[in-house]
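Counting starts at 1 for both ligands and their atoms, in listed order. Since we're looking at a predicted model, the values are computed, not measured.
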Amino acid sequence: MKLFIDTADIDQVKEAWSWGIIDGVTTNPSHVSKTARPAAQVYREICEVVDGPISLETLSLEAEEMAEEGRRLAKYHGNVVVKIPMTLEGMKAVKILASEGIKTNVTVNFSPLQAMLAAKCGAAYISPFVGRLDAFGHVGMDLVRQIKTIYDNYGFQTEIIVAAVRHPTHVLEAALAGADIATMAYDILKQLYDHPLTDMGIEQFLKDWKSVPQS
Ligand code: E4P
């Protein structure tokens, strides 16, 4: 299973990349806005650090403009994946970009039929936002399971990125559901390493070692 970091903060990207467990990066306009830095600068720096898919999002709402924006974003680096919102115009743009060999990640996905349309248009990735569904009383991971079933039924090659991840249990459920990727904030990535029993176990071993004769 692949793990992506969901951020535009270059320090977080550098640090997480140094751990050797992340495979790519997803950004969005809100993440870039939080950096208070020019997007072009942020994108260039991420592309210098990470050798894996890096999703950069379009902001246009009309297909031809989205495609043009996508072409511009794709020029940053060969690893760039153009993030396109799940709309009718967006799916037209996905089809155009796919025909030009430019990979896309269809974002703000909230239904299995939207995911089916994205796959039909040739999206490389689909991003169901599980945490935002949970917040409205749905079971976000059910969406992932339904997409997985549809993609398996018809042999769609589109990879599922579980997004809007809120805690490690989402990552566990994503892995059990057979999702290809989970993308998450730096803090959640870090939490994946932790277990209080691990800390207690290490502490006990170090304590016991003190009573082992040294010669
Ligand atoms: C994924 O690609 C998105 O950037 C991200 O997961 C959005 O989710 P959130 O803003 O609800 O955390």
Take D187 and Q191 through the side chain to side chain donor-acceptor pair (under 3.5 Å) test and state the conclusion after the steps. CA-CA 6 Å; D187 288 348; Q191 276 180 280; over 6 Å; no
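Listed for the Y125 side chain is no donor-acceptor partner under 3.5 Å among the backbone atoms of S55. Judged purely by atom type and a 3.5 angstrom limit, D6 has no side-chain atom pairing as donor or acceptor with the backbone of T183.
If you number the atoms of ligand 1 from 1 as listed, the ones under 4.0 Å from a heavy atom of A163 come out as 1 (C), 6 (O). Listed by atom number, the atoms of ligand 1 under 4.0 Å from N28 heavy atoms are 3 (C), 4 (O), 5 (C), 7 (C). Close approach of ligand 1 to K83 is summarised as follows: ligand atoms under 4.0 Å from at least one heavy atom of the residue are 1 (C), 2 (O), 3 (C), 4 (O).
For the pair R72 and E69, the salt-bridge criterion is not met [side-chain N within less than 4.0 Å of a carboxylate O]. The pair R37-E45 meets the salt-bridge criterion, since a charged nitrogen lies less than 4.0 angstrom from a carboxylate oxygen. Between K92 and E62, none of the side-chain N atoms (NZ, or NE/NH1/NH2) sits under 4.0 Å from a carboxylate O, so this pair counts as no salt bridge.
Heavy atoms of T107 come nearer than 4.0 angstrom to ligand 1 in no pair at all. In this structure, E57 does not count as a contact residue of ligand 1, since none of its heavy atoms falls inside 4.0 Å of the ligand.
In this structure the side chain of S127 never reaches within 4.5 angstrom of the side chain of T26, judged on heavy atoms.
Contacts with ligand 1 closer than 4.0 Å are made by no heavy atom of M184, backbone or side chain.
Nearest protein heavy-atom neighbour of atom 12 (O) of ligand 1: R166 NH1, 2.9 Å. Among protein heavy atoms, the minimum distance from atom 9 (P) of ligand 1 is reached at R132 NH2, 3.5 Å.
At least one N or O atom of D6, backbone or side chain, sits closer than 3.5 Å to an N or O atom of ligand 1.
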